[in-house]
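See below for the structure under consideration.
In this text, all values refer to a predicted model and were calculated from it rather than measured experimentally. The first residue in the sequence is number 1, and the count goes up from there.
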Amino acid sequence: MKIIGGPASQALSSRVARELNLEPTVCDFTRFPDGELYTRILDEDVDEVTIIQSIITDSDFVALLQLIDACEDSPVINVVIPYMGYARQDRKFKTGEPISARAIARTINADRVFTVNVHKTSVLDYFNADAFDLDASQLIGYHIRSMGLKDALLVSPDAGAMEFVERTAKEIGYDCDYLEKTRISGDTVTIKTKSIDVQGRDIVLLDDMIATGGTMVESIKLLKGQGAKDVYLACVHPVLARNAVMRLYNAGVRDIISTDTIEKTQSCISVAPLIAATIKGL
């Protein structure tokens, strides 16, 4: 087995290789003068391969396709996409739109594909390969438990993410709840936890992804205003676009915790054990 990391997942792929007592395969990623991406795997041996590459940018997607093509002589090709960009475009919202998640998935020529907490699991049906979604909720739960928080409560920013929050809370025996909007009048809306008082408690706002942070900013202010002790954010995928980090800290967040599906400063939880255990079980 060879572990091949794309340019967006260099640290994660190296951690997966270490979990499996393997050396990560070294690749070269440069650009031609016209801006085109050049990719080369610096190992000529043909073997079963696992390519690990998040799709954060369009360039990351091209690099993934190049790595798959470079491994065409391998007997088995596994592809791990820890963060799958375009997954939220999983259906047509307006006439004339593509289903971008389907367009991406159809190009992946592999024997097996793995994602990590993909935004909609229905996306897996678009792949022309056996496709599986891995769940990082247990890893996030264990990390939260190690933080030594005071009477901690896990909170979903809405009912939609509650299933993920419940799985995380169940692993560590913590309470969980979600934020509920109530319309008071035409232009007045209140947001509060559904049933649990946050007064004096450490709160972990938890979601699969934090993109611009807009919803989280309002949620942090709300929870602080209701007497929460400290408010933390935790997520699988730290997109954190534009000025999201500054806005979140300005709103009063204590810390931002995430996995390394996207390799950021906030990525203090590695999904490498999850991926390695899955590969080992093939």
(request) Would you please classify the geometry between the Phe114 ring and the Phe132 ring as parallel, tilted or perpendicular, with 30° and 60° separating the classes? (result) parallel

(message) Quick one: does any side-chain atom of Asp202 pair with a main-chain N or O of Lys150 as donor and acceptor, under 3.5 Å?
(response) yes

(request) Would you give the length of the straight line joining atom OG1 of Thr39 to atom CG of Leu65, rounded to the nearest 0.5 angstrom? (result) 10.0 Å

(request) Nearest 0.5 Å please: distance from the CD1 atom of Ile172 over to the CG atom of Leu154. (result) 5.0 Å

(request) Only one of Arg91, Gln89, Lys92 passes side-chain hydrogen bond (donor to acceptor under 3.5 Å, both in side chains) with Ser100; say which it is. (result) Gln89

(request) Determine yes or no for a side-chain-to-main-chain donor-acceptor pair under 3.5 angstrom, with Asp133 supplying the side chain and Asn117 the backbone. (result) yes

(request) Considering non-hydrogen atoms only, spot the tightest contact between Lys94 and Glu97 and give its length. (result) N-OE1, 3.0 Å

(message) Under a 3.5 Å distance rule, please check whether Arg15 uses its side chain to pair with a backbone N or O of Ala272 as donor and acceptor.
(response) no

(request) Considering non-hydrogen atoms only, spot the tightest contact between Tyr174 and Ala152 and give its length. (result) CE2-CB, 3.5 Å

(message) Please report the interatomic distance CD1(Ile262) to SG(Cys235), rounded to the nearest 0.5 Å.
(response) 8.0 Å

(request) Taking the side chain as every heavy atom from C-beta outward, state whether Val118 and Tyr83 have any atom pair closer than 4.5 Å. (result) no

(message) Testing Asn109, Asn78, Ile77 one by one against Cys71 for a side-chain contact (heavy atoms from CB on, under 4.5 Å), which residue passes?
(response) Ile77

(message) Please check: side-chain N/O of Lys264 versus main-chain N/O of Val239, any donor-acceptor pairing under 3.5 Å?
(response) yes

(request) Could you check if a side-chain atom of Glu48 sits within less than 4.5 angstrom of a side-chain atom of Met1, using non-hydrogen atoms only? (result) yes

(request) Using a 4.5 Å cut-off on heavy atoms from C-beta on, say whether the side chain of Gln10 contacts that of Phe29. (result) yes

(request) Kindly indicate whether the side chain of Val217, heavy atoms from C-beta on, has any atom under 4.5 Å from the side chain of Ser219. (result) no

(message) To check you understand the geometry: which heavy-atom pair defines the closest contact between Leu134 and Leu274, and what is its length?
(response) CB-CD2, 3.7 Å

(message) Ignoring hydrogens and geometry beyond distance, is a side-chain donor-acceptor pair present between Asp260 and Ser270 at under 3.5 Å?
(response) yes

(request) State the CE-CG distance between Met162 and Leu179, to the nearest 0.5 angstrom. (result) 10.0 Å

(message) Can you tell me if Arg254 has over 12 outside heavy atoms packed within less than 6.0 Å of its CZ?
(response) no

(request) May I ask you to check whether over 12 heavy atoms, not counting those of Tyr86, lie within 6.0 Å of atom OH? (result) no

(message) My understanding is that only one of Ser74, Cys27, Pro24 makes a side-chain contact (heavy atoms from CB on, under 4.5 Å) with Ile4; could you say which?
(response) Cys27

